[in-house]
Amino acid sequence: MFGSALGAAQRYAELLAGPGVERGLIGPRETARLWDRHLINCAAVAELVPPASSLIDLGSGAGLPGVVLAMLLPDSEVVLLEPLARRVAFLEECVRELELGNAAVHRGRAEDVAGQLAADVVTARAVAPMERLAALALGLVHPGGLVLAIKGAAAAQELQQAAPVLRRLGVQDARVVEAGRGKVSPPPTVVRLTAGPGARHRCSEGQHGAA
């Protein structure tokens, strides 16, 4: 899964299990399953990212999946978007320690940077329910770009419930896909949205109106 990035992945696992737990970014019980539940699951998503895409990891938290994707996709420019200062400090430490020259940390909320930041792909993991997440993520993605939301077993049901909102936001295609099939068991479930021509504008309008 990691190839030449395995050394960086091992160092990142150490950062998560050490400072990440100490600063409350991940729970201490998660250290025993860092690889199978977190790192490998996030690595599987790399196959869904088109080559040399710009990428924003929304609500990056401890860097899952953003840091992992930056390691595996050196030709992609990755922005780790996170509003909380302690998480930003940890992400900046990870970028330095892992020498991720293609990654940058940006402190802010999606609704505040819509119109300032945009990318070909927006990723998210455990950020918000689908309806809310779609509105946030689509405000950051270029027309024709992708939103990749790592979800759990209820992904299909969540997508079905969000269908009216997604149509209103200008989503061209919405489907549930499995990443890393044949490599990861069980494969992570990802909701993949394709942004229509006006999706970003509609999301920005909605966010400004809500403000």
Side-chain angles (χ1 to χ4, degrees), residues 37-38 40-61 64-66 68-69 72-73 76-82 109-210:
R37 181 170 181 177
H38 299 290
I40 292 176
N41 265 15
C42 290
V45 177
E47 70 179 30
L48 303 179
V49 179
S53 297
S54 57
L55 187 149
I56 295 173
D57 187 34
L58 172 60
S60 197
L64 299 162
V68 174
L69 294 176
L72 293 175
L73 303 170
S76 293
E77 294 296 321
V78 177
V79 173
L80 307 172
L81 180 61
E82 171 56 48
R109 301 187 309 161
E111 47 268 65
D112 295 331
V113 301
Q116 304 170 33
L117 293 180
D120 303 317
V121 179
V122 174
T123 57
R125 183 175 189 247
V127 170
M130 198 65 237
E131 294 181 11
R132 173 66 175 153
L133 173 59
L136 295 172
L138 288 165
L140 301 173
V141 73
H142 292 310
L146 299 176
V147 175
L148 301 175
I150 303 174
K151 290 287 187 177
Q157 180 182 356
E158 204 173 334
L159 182 58
Q160 184 177 14
Q161 291 173 345
V165 172
L166 298 181
R167 285 193 294 270
R168 190 165 66 247
L169 291 173
V171 172
Q172 279 188 332
D173 183 68
R175 63 186 64 196
V176 176
V177 298
E178 291 183 336
R181 176 170 283 279
K183 301 176 184 176
V184 183
S185 181
T189 304
V190 179
V191 174
R192 184 178 66 195
L193 309 179
T194 302
R200 186 177 165 203
H201 178 66
R202 293 181 195 181
C203 290
S204 298
E205 279 189 338
Q207 288 163 9
H208 292 321

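Only this structure's heavy atoms are used, side chains among them; waters, hydrogens and symmetry mates stay out. When a residue number appears, it is its place in the shown sequence, counting from 1.
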With rounding to the nearest 0.5 angstrom, report the [atom1] to [atom2] distance, [X] to [Y].
| X | Y | atom1 | atom2 | answer |
| --- | --- | --- | --- | --- |
| Glu131 | Leu159 | CD | CG | 10.5 Å |
| Leu81 | Arg109 | CG | CZ | 11.0 Å |
| Ile150 | His38 | CD1 | NE2 | 11.0 Å |

Give the C-alpha distance, both sets of side-chain angles, the deciding distance and a yes or no for side chain to side chain contact (heavy atoms under 4.5 Å, CB included) between Asn41 and Val68.
CA-CA 10 Å; Asn41 265 15; Val68 174; over 6 Å; no
Taking all atoms of both residues into account, what is the closest heavy-atom pair of [X] and [Y], and its distance?
| X | Y | value |
| --- | --- | --- |
| Leu193 | Ala134 | CD1-CB, 4.0 Å |
| Leu117 | Leu140 | O-CD2, 3.7 Å |
| Ser60 | Glu82 | N-OE1, 3.5 Å |
| Ala119 | Ile56 | CB-CG1, 3.6 Å |
| Pro65 | Asp57 | CD-OD1, 3.3 Å |
| Val141 | Val147 | CG1-CG2, 4.5 Å |

With heavy-atom distances below 4.5 Å as the criterion, would you say the side chains of [X] and [Y] are in contact?
| X | Y | answer |
| --- | --- | --- |
| Leu138 | Val171 | yes |
| Arg37 | Leu64 | no |
| Leu146 | Pro50 | yes |
| Gln157 | Lys151 | no |
| Met130 | Val191 | yes |

More than 12 non-hydrogen atoms from neighbouring residues, nucleotides or ligands closer than 6.0 Å to CD on Gln172, yes or no?
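Yes, because the 6.0 Å sphere around CD of Gln172 holds more than 12 heavy atoms from other groups.
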Kindly write out the residues that satisfy salt bridge (Lys or Arg N to Asp or Glu O under 4.0 Å) with Arg175, not counting sequence neighbours, or none if the list is empty.
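Result, salt bridge (Lys or Arg N to Asp or Glu O under 4.0 Å) vs Arg175: Asp173.
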Between Asp120 (side chain) and Gly145 (backbone), is there a donor-acceptor pair under 3.5 Å?
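Looks like no, no N/O pair under 3.5 Å.
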